[in-house]
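Heads up, the thing below is written out as structure tokens.
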Amino acid sequence: MRLGVLTSGGDCPGLNAVIRAVVRKVERSYDGTVIGFLDGYQGLMDDRYEVLTVDRCRGVLPRGGTILGTSREQPYGVEGGLEQVRGTMARRGLDGLVVIGGNGSLGAARDLHDDGIPVVGVPKTIDNDLAVTEVTFGFDTAVQTATDAIDRLHTTAESHDRVMLVEVMGRHVGHIAAWSGIAGGASMILVPEEPFVLDEVCDALRRRHEQGRFASIVVVAEGAVPAEDSGFRLPETTVDQYGHQRLGGIAHALAPEIEARTGFETKVVVLGYVQRGGTPTAGDRVLATRFGVAAAEACHDGAWGTMVAVAAGEIRRVDLHAAVEGPKPVAADINEVAKIFFA
Ligand code: F6P
């Protein structure tokens, strides 16, 4: 068996663990070969790759990022991209392709499958927003990183009697905000799924301080939105070259408003790419390894057009079409648990 593998979209802790597991399974169980395309779909279109072996993958398990590089380029975003992919697949004599990516990259994988390219998907994103898998690797690491930061912010916020706005990633849904907020004992969590009313946020902060609390940590997902007609609007955002809304800035927009309305000094911490960098947690390493092995098995079984996923704790294969349908919101019971601890 000859397989290609690529990592596409934003990087994520655990990518190297998936690559390593695919290579190990293919080489040792199927006596096959894996080549890794460089810089995501761009390398697939350009036929830029390196041969991956068990030896090449030694030491990569705890390493963040991706040894293959990544990009947001996609074959359907450029003229003749599909033909370039067909050309590379034929020249390299590949039986199939493993695409490790998030929603956008797996959407392209689904389209490649529909166009006759044998593809298996592996779900990746720190945002944990993919529909048909209970969890994606990278999420646990991001939550841990955000929680560590919140833990540290408590003491400085308390010493200065401040409101601290901690902005975390999560463009469509607020899994990182909800989990790190609960784990870090946040006073309030703002997620995209539940538009907020700024006056209610300020009332809650006031109540809290009236009860004698010296500080408040508010965790806000970058994609959180104010409720319509709630007396507060976010500044307009721009889009990048791939049509993605440029987020990262809501906390800076909120802070002066909260300070003006409550009189509490309000500071901002935007965690940004720190959440995506660094070594994966043990849980993410295990999940990524299970996904990699399962993806190699799916290729071996000819289960093209599927994505590996977690359901009830077990690894399953799901249809790639279903995999990219709509973002998975934060579970209602998680939001309810979080609210019990709000001011
Ligand atoms: O990995 C997902 C994500 O972290 C989003 O939450 C974030 O908005 C986006 O990637 C930013 O990625 P980039 O700046 O690399 O496009």
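As the structure lists them, so they are numbered: ligands from 1, and atoms in each ligand from 1. Note that the structure is a prediction, hence the values are computed from the model and not measured.
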Exercise for review: Go through ligand 1 atom by atom and flag the ones less than 4.0 Å from a non-hydrogen atom of Glu222.
Suggested key: 5 (C), 6 (O), 7 (C), 8 (O)
Practice item. Can you measure from CZ (Arg246) to OG1 (Thr238) and round to the nearest 0.5 angstrom? Key: 4.0 Å
Practice item. Write out the residue and atom name of the closest protein heavy atom to atom 2 (C) of ligand 1, then the distance separating them to 0.1 Å. Key: Asp127 OD2, 3.4 Å
Check your understanding: Can you check salt bridge (Lys or Arg N to Asp or Glu O under 4.0 Å) on Glu336 and Lys339, steps first, answer last?
Key -> CA-CA 5 Å; Glu336 291 314 309; Lys339 281 179 193 161; 3.6 Å; yes
**Study point:** Residue Tyr273 vicinity, atoms of ligand 1 by number, heavy atom under 4.0 Å
**Key:** 13 (P), 14 (O), 15 (O)
Practice item. Considering the heavy atoms of Gly170, write down every atom of ligand 1 situated less than 4.0 Å from one of them. Key: 6 (O)
Check your understanding: Which is it for Glu257 and Arg261 under the salt bridge (Lys or Arg N to Asp or Glu O under 4.0 Å) test, yes or no, and what are the steps along the way?
Key -> CA-CA 6 Å; Glu257 288 290 330; Arg261 293 179 194 209; 3.1 Å; yes
Check your understanding: With backbone taken as N, CA, C and O and side chain as the heavy atoms from C-beta onward, which portion of Gln275 lies under 4.0 Å from ligand 1: side chain, backbone, both, or neither?
Key -> neither
Revision key, fill the gap. Filtering Arg171, Arg276, Gln245 for the heavy atom nearest atom 12 (O) of ligand 1 leaves Arg276
Counting only pairs under 3.5 Å, give me each side-chain donor-acceptor contact of residues 320-334, with atom names and distances, residues two or more places apart or in other chains.
residue: His321; atom: ND1; partner: Asp319; partner atom: OD1; Å: 2.9
residue: His321; atom: NE2; partner: Asp114; partner atom: OD1; Å: 3.2
residue: His321; atom: NE2; partner: Asp114; partner atom: OD2; Å: 2.9
residue: Lys328; atom: NZ; partner: Asn128; partner atom: O; Å: 3.2
residue: Lys328; atom: NZ; partner: Asn128; partner atom: OD1; Å: 3.1
residue: Lys328; atom: NZ; partner: Leu130; partner atom: O; Å: 3.4
residue: Lys328; atom: NZ; partner: Thr133; partner atom: O; Å: 2.7
residue: Lys328; atom: NZ; partner: Glu134; partner atom: O; Å: 3.1

**Study point:** Distance from atom 4 (O) of ligand 1 to nearest protein heavy atom, with residue and atom
**Key:** Met169 SD, 2.8 Å
Review point. If you count the non-hydrogen atoms of other residues, nucleotides and ligands that lie under 6.0 Å from CG in Asp31, is the total more than 12?
Key: no
Exercise for review: Check if Arg72 has a non-hydrogen atom at a distance under 4.0 Å from any atom of ligand 1.
Suggested key: yes
**Study point:** Arg171 and Asp127 ion-paired at < 4.0 Å
**Key:** no
